[in-house]
Amino acid sequence: MRRTAFVIALLALTASLHAETQTVSHYRYRWKDATGLPHYSDSLTSDALKYGYDLVNDHGLVVQHVDRQLTPEERAAAQKVADAKAASDRVAQQHARDDMQMLNAYPTEDAYKKSQQDSLDNLDQQIATTRSNLRSQEKALTDLLTRAGDAERAKQPVPKFLSDGITKQRDVVAHQRDALEHQQAAHDAQVQKNAQDLDHYRELKIAQDKERQGQ
């Protein structure tokens, strides 16, 4: 009796596994060709991969959709788009980290404005130093030109060392003037940047306050 029951149970289990296997095997692949004509297959074909396909169960329901395979050119273009997005995401993440560091470093607007003013003061100091050097170099050039003028008025040839010195000193003065112009431009650009940065700082503070208030 017990042996008969065991055999019946074993047959039932086998039938169940067979039924399950049959259910799985009823999945089919469906795709449409270039003309829109549908095709079905029990196995995955190259055309299905080419056009993309649906995995359909025995009730005709789509259980999964797989897009068509991309061409090498399409894969390259997709990779390019993905790389650009990844780069953009990294930049955005870095900006977010920079913003957080700024808020932590300058918890108040006064502290932030003081840091900006310190930056401008440093540029002002550089400009003052360059302007002072320029005045000294211009005076040195004036002295050389005066000596050359004295020689010419005395009907004497200008010594070569003096002519060479004047040429060299003119280059030094020109370099100092270029440096001063560059520093002044940098100062003006920093003033504009500070104004933009301060607006950004204020926006971040407003957003931070709202987040803390749970808005």
Side-chain angles (χ1 to χ4, degrees), residues 72-73 75-212:
E73 292 77 13
R75 281 197 296 272
Q79 186 61 49
K80 187 176 180 179
V81 172
D83 291 345
K85 183 179 183 306
S88 177
D89 290 345
R90 287 194 296 271
V91 171
Q93 292 169 0
Q94 184 60 51
H95 285 172
R97 287 193 292 271
D98 292 343
D99 289 342
M100 183 57 65
Q101 290 177 358
M102 180 175 63
L103 291 175
N104 290 335
Y106 308 108
T108 66
E109 181 173 321
D110 287 344
Y112 184 67
K113 291 169 71 174
K114 183 179 183 305
S115 73
Q116 290 186 319
Q117 187 58 51
D118 289 344
S119 177
L120 287 178
D121 290 345
N122 183 50
L123 289 176
D124 287 339
Q125 183 61 43
Q126 294 179 26
I127 291 172
T129 300
T130 302
R131 187 175 285 123
S132 177
N133 291 337
L134 177 59
R135 284 196 295 268
S136 297
Q137 298 301 334
E138 287 177 335
K139 183 178 184 305
L141 177 60
T142 299
D143 291 343
L144 293 175
L145 291 172
T146 299
R147 292 171 58 187
D150 292 343
E152 290 175 343
R153 282 190 291 275
K155 307 299 183 183
Q156 296 178 355
V158 177
K160 184 176 184 304
F161 76 87
L162 185 55
S163 297
D164 293 343
I166 290 173
T167 300
K168 181 178 179 180
Q169 191 60 29
R170 280 176 172 159
D171 290 341
V172 172
V173 169
H175 175 74
Q176 288 291 319
R177 286 174 178 168
D178 289 343
L180 180 59
E181 184 177 353
H182 176 75
Q183 290 170 349
Q184 288 175 332
H187 179 278
D188 295 342
Q190 188 65 46
V191 170
Q192 296 181 3
K193 184 176 184 302
N194 283 357
Q196 296 172 354
D197 290 347
L198 182 58
D199 289 341
H200 181 59
Y201 174 86
R202 287 168 175 166
E203 292 173 355
L204 291 175
K205 289 294 291 182
I206 292 174
Q208 186 184 57
D209 292 342
K210 287 183 177 179
E211 183 178 356
R212 288 174 176 174

- Task: Take His182 and Asp178 through the test side chain to side chain contact (heavy atoms under 4.5 Å, CB included) and record every step on the way to the result.
- Result: CA-CA 6 Å; His182 176 75; Asp178 289 343; over 6 Å; no

- Identify, with sequence neighbours excluded, every residue that meets side chain to side chain donor-acceptor pair (under 3.5 Å) alongside Lys80. none

- Note on the structure: Rounding to 0.5 Å, atoms CG (Asp98) and CG (Leu204) come to a distance of 11.0 Å

- Value rounded to 0.5 Å, distance of CD in Gln190 from CG in Asp188: 10.5 Å

- Task: Quick one: do Asp143 and Arg147 satisfy salt bridge (charged side-chain N to carboxylate O under 4.0 Å, His left out)? Show the steps, please.
- Result: CA-CA 6 Å; Asp143 291 343; Arg147 292 171 58 187; over 6 Å; no

- Starting at OG of Ser163, measure out to CG of Leu144 and round the result to the nearest 0.5 Å. 10.0 Å

- Would you mind checking if Asp89 and Lys85 are paired as a salt bridge, meaning a charged N to carboxylate O distance below 4.0 Å? yes

- Are Lys114 and Asp118 ion-paired here, with the side-chain N under 4.0 Å from a carboxylate O? yes

- Just checking, any donor-acceptor pair under 3.5 angstrom between side chains of Gln93 and Arg90? no

- Query: What residues, two or more places apart in sequence or in another chain, satisfy side chain to side chain contact (heavy atoms under 4.5 Å, CB included) together with Arg153?
  - Reply: Asp150

- Item | Rounded distance (nearest 0.5 Å) linking atom OG of Ser119 with atom CG of Asp124 | 9.5 Å

- Query: Can you name the closest pair of heavy atoms from Pro157 and Ala151 and give their distance?
  - Reply: O-CB, 4.3 Å

- Can you name the nearest heavy-atom pair linking Ile166 to Ala148, along with the distance? CD1-CB, 3.7 Å

- Are any non-hydrogen side-chain atoms of Met102 and His200 less than 4.5 angstrom apart? yes

- Is any side-chain heavy atom of Gln117 closer than 4.5 Å to a side-chain heavy atom of Asp121? yes

- Across all chains, not counting sequence neighbours, the salt bridge (Lys or Arg N to Asp or Glu O under 4.0 Å) partners of Glu109 are Arg202

- What class does the angle between the rings of Tyr112 and Tyr201 fall in, given that below 30° is parallel, 30 to 60° is tilted and above 60° is perpendicular? parallel

What side-chain donor-acceptor pairs closer than 3.5 Å can you find for residues 127-134, not counting sequence neighbours?
residue, atom, partner, partner atom, Å
Thr129, OG1, Gln125, O, 3.0
Thr130, OG1, Gln126, O, 3.0
Thr130, OG1, Gln183, OE1, 2.7
Thr130, OG1, Gln183, NE2, 3.1
Asn133, ND2, Thr129, O, 3.3

- Item | Gap between atom NZ of Lys168 and atom CZ of Arg170 - 0.5 Å precision | 15.5 Å

- Message: Could you work out, with side chain to side chain donor-acceptor pair (under 3.5 Å) as the rule, every residue matching Glu181, not counting sequence neighbours?
- Response: none

- What closest approach, in Å, do Pro107 and Lys205 show between heavy atoms, and which atom pair accounts for it? O-NZ, 2.9 Å

- In sequence, state the C-alpha distance, the side-chain angles, and the governing distance for Gln176 and Leu180, and then conclude on side chain to side chain contact (heavy atoms under 4.5 Å, CB included). CA-CA 6 Å; Gln176 288 291 319; Leu180 180 59; over 6 Å; no

- Hits for side chain to side chain donor-acceptor pair (under 3.5 Å) against Gln116, two or more places apart or cross-chain, chain-then-number order -> none

- Query: Atom CG in Asp171, atom CD in Gln169: separation rounded to 0.5 Å?
  - Reply: 9.0 Å

